[in-house]
Each structure stands twice: as structure tokens, then as C-alpha cells.
A.B. asks: 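Please see the structure below; I have some questions.
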Amino acid sequence: MRPELLNPLFAEVEALKGVGPNVAKALARLGIARALDLAFHLPTGTIERVRAGAADASLLGRIVILDVTPFEVRSGTGRAPTRIYAADSSGNTITLTFFNNPGWARKQLPLNESRVVAGRLDQFGSEWQIVHPEVVAPGEADAFAIREPVYPLTEGIANKRMRELALLALERAPDLDEWIEPSLLARQCWPRWRAALAEAHREPGEARRRLAYDELFANQLALLLLRQSSRRRRTRSLQGDGSITGRLKLPHELTGAQRRVVEEIRGDMAQTAPMLRLLQGDVGSGKTLVALLAMLTAVEAGAQAALLAPIEILARQHLATLQAQCAPLGVNVAILTGREKGRAREATLMGLADGSIHILVGTHAIFQQKVTYKSLGLAVIDEQHRFGVSQRLLLTSKAEHPPHLLAMTATPIPRTLTLTHYGEMDVSRIDEMPPGRTPVETRVVSDQKLAEVIAGLGRHIDAGGQAYWVCPLVEENEAVDAAAAEERAAILGARFGAERIGLVHGRMKGPDKDAVMAAFARSDLAVLVATTVIEVGVDVPNSTLMVVEGAERFGLAQLHQLRGRVGRGAALSRCILLRGDKLNDTSRARLALMRETNDGFRIAEEDLKLRGPGEILGTRQSGEQAFRLAAPEDVADLAPLANADAQLLLDRDGGLDSPRGQAARTCLYLFERDQAVALLRSG
């Protein structure tokens with residue numbers, strides 16, 4: 001159970017004084033539902049004000065607090081603003097300008113009565129002016145703080161109100177026992193947790209860094225507890241005899257990196273502690289072949305294997321690949337997705353239950369309640385970053401003994417993110433490409449040259465080539481993005497013939513998408529127009545041209561994944577990144593790096609700096625909780641420190657039953673590391 005002293009922080013915001021339904025609704029738009037969310041809703045900067053006796057040229061551009069007396073009003077007509085002229089204590093004239101609500105302005109600034117105003121002093125022509133100043137009566141000047149924290153806001157809540165609400169939430173924060181190792185706390189000169197929280201609401205800085213560390217410490221401790229729990233469990237040792245893997249016809253000799261990773265996986269599977277390993281490999285590095293060898297090893301040992309894919313297109317592609325390789329070996333491969341119905345579905349379920357199906361490929365359907373296995377020994381999760389910890393645990397619950405688990409991702413993940421998101425796993429990297437792969441040539445082209453790109457596409461397909469055309473992310477709305485793709489497909493169809501152009505997008509039904517993809521794979525279509533639904537998995541070696549429209553709207557990792565759809569064979573492949581003219585510095589840097597390198601791991605490190613972990617890992621889609629206090633630079637800097645501190649707690653300082661461990665339990669609940677909390681509840 002959550003410690004009682006935390007309960008006030010977990011109260012709904014309506015429990016705070018003055019928070020009614022309208023304020024609660026506005027807060028909800030910022031993801032704030034409880035007092036805890038308000039306490040962790042930290043300011044992003046501060047406003048500096050200057051209390052001045054009178055206006056002065058040296059104060060231009062600064063936010064000032066001035067005593068003034070209004071003496072004239074000039075009402076605007078049409079879109080013209082209302083101007084109220086006022087004199088400061090030295091007789092200088094200050095123009096107070098209002099672009100809306102002139103009635104409020106006149107009421108707040110009555111002629112010939114003293115008022116205190118605050119706002120940015122600027123020069124407009126020969127006048128000094130303040131646009132939309134804040135106004136109070138002379139006795140209320142203290143309402144203007146010289147230094148005021150600035151919060152992220154939403155419509156209906158002003159900064160002052162947000163500050164008041166944050167302070168109400170802070171009153172509910174208890175003084176907690178310390179969970180940071182004492183010598184580390186002293187070295188960093190950090191305040192205690194509650195003091196740090198209060199200070200972070202006054203001024204962003206070192207106090208916020210302490211809170212970011214706390215969040216990372218909870219993250220690392222939770223992952224280590226999951227790892228510890230996994231290692232305590234026992235499962236079947238799966239040791240192959242080579243009777244099946246020895247007969248597998250390989251497309252090429254394994255690279256050194258593939259051989260190393262295969263041995264690491266086989267070593268894990270031979271243990272009675274269930275394997276929990278993450279396999280990272282760039283696009284086209286040969287992860288699927290490694291996974292196949294692992295699954296065949298499980299079959300050799302008398303067990304079944306399951307391969308979980310994030311989308312149906314990818315699951316069916318895996319099925320075709322595995323069936324072609326496994327049929328000569330007498331290994332039965334089947335598929336289970338939401339599309340399988342009736343007798344075909346029942347036959348698959350029976351085959352899993354009686355063991356006649358050796359390898360199952362599928363989407364989320366493979367861990368539904370009705371799916372039972374005779375002897376599930378190995379679970380492989382493809383595109384791991386699209387699934388959460390809870391989904392991994394659900395899959396592993398499908399066996400009498402927890403199966404060995406191999407998670408794969410083609411999204412290269414920076415080392416610090418591997419630590420913070422997959423710290424409970426052992427990690428293998430395939431950092432070598434198979435022979436015969438030619439690097440993709442990347443060009444960045446202005447969309448002003450769209451006609452030239454389309455003409456080049458025509459020459460490419462007339463020569464027998466195939467191409468992808470990826471449409472831009474118009475907005476985070478599948479309907480709008482699908483409409484943009486449909487429009488582009490119609491334009492290209494009018495130019496090259498509608499029968500040569502295919503279209504796939506996220507709003508299409510699974511069978512329709514599969515039919516288009518199959519036609520493209522058979523070379524019945526010359527161009528596949530798509531949204532980012534083709535980002536993962538699609539493999540058509542004859543397609544050697546990729547056009548990405550609106551490339552500046554995509555993140556680096558996503559562009560790299562899209563580029564990976566070409567360059568699947570020995571022929572030279574090209575990727576054309578069509579960009580708009582309004583580029584910021586980040587977009588320029590992103591596109592320049594894409595042109596410069598094909599190294600996915602380097603691209604991932606840069607993407608972390610530019611965009612943050614949520615974008616790279618797709619955590620906004622997978623439901624995994626992103627960090628709310630730890631910024632990307634905090635993750636890179638503090639995660640290794642937090643990992644070492646959590647290790648010390650478990651290995652040297654008595655674990656969770658020690659005094660520091662009891663405090664650490666509170667930290668886990670405070671930062672809602674639910675999987676670790678579930679372990680604590682189950683003992």
C-alpha cells in the first residue's frame with residue numbers, strides 16, 4: 001500500500017481550495033489531475049521586474065514597476081488600440097496601450113488617480129509605452145514580485161493563479177526521509193526533497209536537478225527490482241543440439257557481430273533463470289536471422305516460440321520469411337492476428353495447444369486469454385520500443401514457466417536511454433552490416449524543385465525501378481494525414497497511370513493494406529505512396545528510391561527508419577528529403593546529419609539532444625510513462641549516477657528493508673514506478 005503520508009499529494013485537484021469544475025478542466029489540459037501533478041508542474045523560467053522611481057532610457061526592454069497617474073484617454077477605432085496617457089513621478093509621459101477590452105482599461109486606470117503598473121517598457125516612435133500593463137492600486141504594489149516564476153499555462157489559468165495552486169499543492173508535501181546515499185548527497189550539495197521541491201517553484205536550477213535525480217533514481221531502482229525478480233524465477237533450460245539450425249540455409253555467412261550475439265542468446269537460453277535480453281541493430285543489420293536461430297534453438301529443445309510484431313503488415317512479412325526458411329526443416333510456423341477468424345483461428349489455437357505449431361507469429365492477439373501454448377519456451381518481441389513493460393509481462397504469463405524473452409529494436413537507442421528504459425535487460429548490439437549492403441545516398445532538396453523530383457521519379461520507374469513516396473505529417477491526425485497521402489497518390493497517378501501507384505495509410509483496413517503491400521512486393525506497382533505506416537518492417541529489395549515529403553517535420557530517428565526501407569540489396573539506393581523553405585536551426589542540423597551519415601547509433605544520440613527520449617522511443621504511443629522532471633540532459637548526466645546509487649542500496653546498504661530502503665520505497669510510490677510497486681505488493 002502507498003505510504004499514508006503521501007495520500008494528501010495524491011488527492012484530486014478539486015480538493016484544493018478554490019478549484020472548481022472549470023479550473024479542474026483547464027488543469028486537465030496540462031495533464032494535471034492531482035495535487036502531486038501540480039507539485040511537479042515546475043516553472044520553466046522567471047520574470048525579472050525592476051521597481052523604478054521613474055521611467056528612464058536605461059530601462060527600455062526591461063519589465064518595470066512604476067507609479068503613474070493617467071491624464072488622457074484616446075479610444076481606438078476599428079483595430080486601433082486604446083491608449084491611456086499617464087505621467088510618472090518625474091513627469092515623463094508613458095503610453096499604456098490596450099488592444100482589447102478598453103472598458104476594463106478605463107475602469108482600472110481612472111483619470112487623475114494614482115495607480116501602480118507593471119510591464120515591459122518599450123519605445124514606440126518618440127513615445128515610451130507599456131503594452132497591456134498589469135494594474136493595481138498604490139497600496140497593492142507588493143502584488144508584483146521582483147522575481148516571479150513562469151509556469152507552462154493553458155487557456156483559463158493565468159500565471160499568478162498557477163503559482164497560487166502550486167503553493168497549495170506544496171502545503172501537502174510531507175518532509176520525507178532521505179533515499180539518496182549520504183556521501184552523494186553531500187557531494188552534490190543538494191537540499192532535502194521537500195526543500196528542493198519548494199525551491200524549484202521559486203527558481204529553476206540546482207533544486208530541479210535534485211528532483212530530476214530523484215525521478216531517475218526511482219526509475220533505476222524499479223528496473224533493478226524487476227531484474228532481481230526475474231533472476232529469482234526459474235524456467236526451462238533450452239539447449240539446442242544443432243539438428244535443425246545446422247540444416248538452415250543462410251542467405252549469407254553470419255557477420256562477426258551476428259555470431260557474437262547468437263552465442264550470447266544461446267548462453268542465456270541454456271540457463272534456468274529466464275533470459276531477458278534486448279537486441280539492438282540498425283536497419284538491415286540481420287536481427288531477424290538472429291531471432292530465427294534463437295527460435296529454432298528453442299524448437300530443437302522441444303519448446304515453442306512466439307514472435308510478437310507491432311503491426312499486422314510486419315507480422316505477415318515475418319510469416320512469409322519464416323515459412324520459406326522453416327518449411328524445408330519441418331518446422332511449422334503459423335500466424336495469429338485480429339484478422340484470423342473461424343476455422344482457421346480454431347485450427348491455430350488447437351495447434352498451439354497440442355504443440356504441432358512450433359513458431360507463432362502475430363500481433364497483440366498472441367497473448368489474448370484464449371491463446372494457450374503446450375510449451376512456450378521463447379518469446380521474441382520485434383520493435384520493442386512500441387510495447388510497454390506491462391505488455392512484456394502479459395506475454396510471459398502465457399507459459400507454465402516464464403519463457404525466455406528476446407526483445408528487438410531497429411531503432412538505435414542511445415546508451416543512456418537503454419539504461420533508463422531497459423535497465424532490467426541485458427543488451428546485445430549488432431554493430432556490423434551484412435556483406436553486399438550499399439549505403440543509401442541521401443540528398444536534401446527544396447520542395448521548390450518538386451517538379452524535378454517527380455520527373456526523376458518517372459525516369460526511375462521507366463527503368464524498371466520501384467519507389468516509396470512518404471507524405472508529410474500534416475498534423476497528429478490520421479484522417480488529415482491520410483487525405484494528404486490520397487491527394488499525392490492522385491497527382492502521381494494522373495502523371496504515371498493510376499494502375500502503377502499504390503496507397504497505404506493508417507485509416508485503411510488491414511486486408512486492404514496487405515493487398516497493396518503484396519502488390520508492391522510483387523512489382524505490380526511502381527510507386528507506393530504512404531504515411532509513416534511503412535516506417536517499420538516492409539522489405540522490398542527492388543525498391544531503391546525513397547522520397548520523403550516535408551522531411552523537416554520528422555525526427556531524425558524516424559527519418560532513419562524510413563530511409564531503411566531502401567538499400568535492402570546490393571544496388572545503389574537513394575533517399576530524397578524534400579524540405580520546405582522555413583527551416584529553423586534544429587531542422588537544418590537534423591537534415592544535414594541525415595545527409596552526412598548512415599550510422600543509426602550516431603543519429604540516435606543526436607536525436608536525443610534535439611528532441612528528447614519520448615520521441616525516439618515512441619513512448620507517447622506505447623503508454624510508457626515519460627520522465628516529467630528529468631530533461632534529456634539530466635538523463636545523460638544523472639542516470640549512470642542514479643544506477644550506481646540504486647545498486648549500492650540493493651547490494652551494500654541492506655536493500656528495501658534498511659532505513660534508506662524504506663525511504664526508497666516511498667520514492668518509488670512518489671514517482672509511480674508501478675511495476676516495481678506491484679512487485680513490492682506481491683512481496
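Values in this document were obtained by computation on a predicted structure and should not be read as measured data.
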A.B. asks: For residues 251-258, run the donor-acceptor check on the side chains, cut-off 3.5 Å, and write out each pair with its distance to 0.1 Å, sequence neighbours left out.
C.D. replies:
unit_1	atom_1	unit_2	atom_2	d
Thr255	OG1	Gln258	N	3.1
Thr255	OG1	Gln258	OE1	3.4
Gln258	OE1	Thr255	N	3.0
Gln258	NE2	Gly286	O	3.1

A.B. asks: For a side-chain contact (heavy atoms from CB on, under 4.5 Å) check, start with the C-alpha distance between Gln466 and Leu528, then their side-chain angles and the critical distance, and finish with the verdict.
C.D. replies: CA-CA 8 Å; Gln466 290 174 275; Leu528 182 66; over 6 Å; no
A.B. asks: What are the two closest non-hydrogen atoms of Thr531 and His505, and how far apart are they?
C.D. replies: OG1-CA, 3.5 Å
A.B. asks: Got Asp122 and Val131 here, is their nearest side-chain heavy-atom distance under 4.5 Å?
C.D. replies: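 No; the side chains remain at least 4.5 Å from each other.
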A.B. asks: Within this structure, what is the CD-CZ distance for the pair Glu486 and Arg507, rounded to the nearest 0.5 Å?
C.D. replies: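 Output value for this atom pair is 9.0 Å.
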A.B. asks: Let me know which of Val470, Leu562, Val453 forms a side-chain contact (heavy atoms from CB on, under 4.5 Å) with Val547.
C.D. replies: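 The single option meeting the side-chain contact (heavy atoms from CB on, under 4.5 Å) with Val547 is Val453.
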A.B. asks: Please find the pair of heavy atoms, one from Gly464 and one from Asn542, that lie closest to each other, and give the distance.
C.D. replies: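 Nearest heavy atoms, Gly464 then Asn542: O-ND2, 3.7 Å.
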A.B. asks: Which atoms form the tightest heavy-atom contact between Leu578 and Ser446, and what is the distance?
C.D. replies: CD2-O, 3.7 Å
A.B. asks: Report the C-alpha separation of Arg260 and Glu432 in whole Å, then their side-chain angles, then the decisive distance to 0.1 Å, and conclude whether the side-chain contact (heavy atoms from CB on, under 4.5 Å) test is met.
C.D. replies: CA-CA 11 Å; Arg260 182 188 72 244; Glu432 181 181 355; 6.0 Å; no
A.B. asks: What's the separation between atom CG in Leu278 and atom CG in Leu405, rounded to the nearest 0.5 Å?
C.D. replies: 9.5 Å
A.B. asks: Do Asp282 and His560 come within less than 4.5 Å of each other through their side chains, counting heavy atoms only?
C.D. replies: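 Sidechains of His560 and Asp282: in contact.
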A.B. asks: Just wondering, are more than 12 heavy atoms of other shown residues or ligands nearer than 6.0 Å to CG in Asp585?
C.D. replies: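 For Asp585, atom CG is not crowded (no more than 12 foreign heavy atoms under 6.0 Å).
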A.B. asks: I'd like to know whether Ile576 forms a side-chain contact (heavy atoms from CB on, under 4.5 Å) with Leu457, so could you lay out the CA-CA distance, the side-chain angles of the two residues, the decisive distance to 0.1 Å, and finally the verdict.
C.D. replies: CA-CA 11 Å; Ile576 296 175; Leu457 172 64; over 6 Å; no
A.B. asks: Between Glu340 and Thr337, is there a donor-acceptor pair closer than 3.5 Å when you use the side chain of the first and the backbone of the second?
C.D. replies: yes
A.B. asks: Report the residue from Val444, Val445, Asp447 that forms a side-chain contact (heavy atoms from CB on, under 4.5 Å) with Arg579.
C.D. replies: Val444
A.B. asks: Compare every heavy atom of Thr363 with every heavy atom of Gly338, then report the nearest pair and how far apart it is.
C.D. replies: N-OG1, 4.2 Å
A.B. asks: Would a 4.5 Å heavy-atom cut-off, applied to side chains only, mark Phe627 and Leu216 as touching?
C.D. replies: yes
A.B. asks: Take the angle between the ring planes of His132 and Phe99 and call it parallel below 30°, perpendicular above 60°, tilted in between.
C.D. replies: tilted
A.B. asks: Does any non-hydrogen side-chain atom of Phe554 lie less than 4.5 Å from one of Leu577?
C.D. replies: no
A.B. asks: Hey, does Glu264 have a side-chain heavy atom less than 4.5 Å from the side chain of Leu279?
C.D. replies: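 Sidechains of Glu264 and Leu279: no contact.
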A.B. asks: Would you indicate whether Arg29, at its atom CZ, is surrounded by more than 12 heavy atoms from other residues, nucleotides or ligands within a distance under 6.0 Å?
C.D. replies: yes
A.B. asks: Go through it in stages, so that I can follow the logic: the residues are Leu638 and Arg209, the test is side-chain contact (heavy atoms from CB on, under 4.5 Å), and I'd like the CA-CA distance, side-chain angles, deciding distance and then a yes or no.
C.D. replies: CA-CA 9 Å; Leu638 297 176; Arg209 185 173 148 85; 3.6 Å; yes
A.B. asks: Considering only NZ, NE, NH1 and NH2 on the basic side and carboxylate oxygens on the acidic side, decide whether Arg628 and Asp37 come within less than 4.0 Å.
C.D. replies: yes
A.B. asks: Could you go through Asp634 and Arg208, starting from their C-alpha distance and side-chain angles, then the distance that decides it, and tell me whether this counts as salt bridge (Lys or Arg N to Asp or Glu O under 4.0 Å)?
C.D. replies: CA-CA 10 Å; Asp634 296 322; Arg208 181 174 186 138; 5.7 Å; no
A.B. asks: Any sub-3.5 Å donor-acceptor pair from Glu215's side-chain atoms to Ala630's backbone N or O?
C.D. replies: yes
A.B. asks: Do Val290 and Ile430 come close enough that some side-chain heavy atom pair is under 4.5 Å?
C.D. replies: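 In short, these two side chains touch, coming nearer than 4.5 Å.
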A.B. asks: If the threshold is 4.0 Å, N to carboxylate O, is there a salt bridge linking Glu596 and Arg602?
C.D. replies: yes
A.B. asks: Output the distance between atom CD1 (Ile157) and atom CE (Met162), rounded to the nearest 0.5 Å.
C.D. replies: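 Reported to 0.5 Å precision, the distance equals 4.5 Å.
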A.B. asks: Of all heavy-atom pairs between Gly502 and Leu525, which one has the smallest distance, and what is that distance?
C.D. replies: CA-CD1, 3.7 Å
A.B. asks: What I'd like to find out is whether the side chain of Leu307 reaches to under 4.5 Å of the side chain of Leu322, using heavy atoms alone.
C.D. replies: yes
A.B. asks: Whether the side chain of Arg563 engages the backbone of Thr442 through a donor-acceptor N/O pair (distance < 3.5 Å, no angle test) should be reported.
C.D. replies: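 Answer holds: no.
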A.B. asks: Is a side-chain donor-acceptor pair under 3.5 Å present for Arg277 with Ser428?
C.D. replies: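 Side chains of Ser428 and Arg277: pair found under 3.5 Å.
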A.B. asks: Nearest 0.5 Å, what's the CD1-CE distance between Ile265 and Met295?
C.D. replies: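 These two atoms lie 10.5 Å from each other.
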A.B. asks: Using 0.5 Å steps for rounding, measure from the OG1 atom of Thr544 to the CD atom of Glu441.
C.D. replies: 11.5 Å
A.B. asks: Looking at CG of Leu591 and OG1 of Thr586, how far apart are the two atoms once the value is rounded to the nearest 0.5 Å?
C.D. replies: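 Reported value, rounded in 0.5 Å steps: 11.0 Å.
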A.B. asks: Work out which heavy atom in Leu250 is nearest to a heavy atom in Leu289; give both atom names and the distance.
C.D. replies: CD2-CD1, 3.9 Å
A.B. asks: Can you find a heavy atom in the side chain of Leu292 that is under 4.5 Å from one in the side chain of Thr321?
C.D. replies: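 Leu292 vs Thr321: side chains apart.
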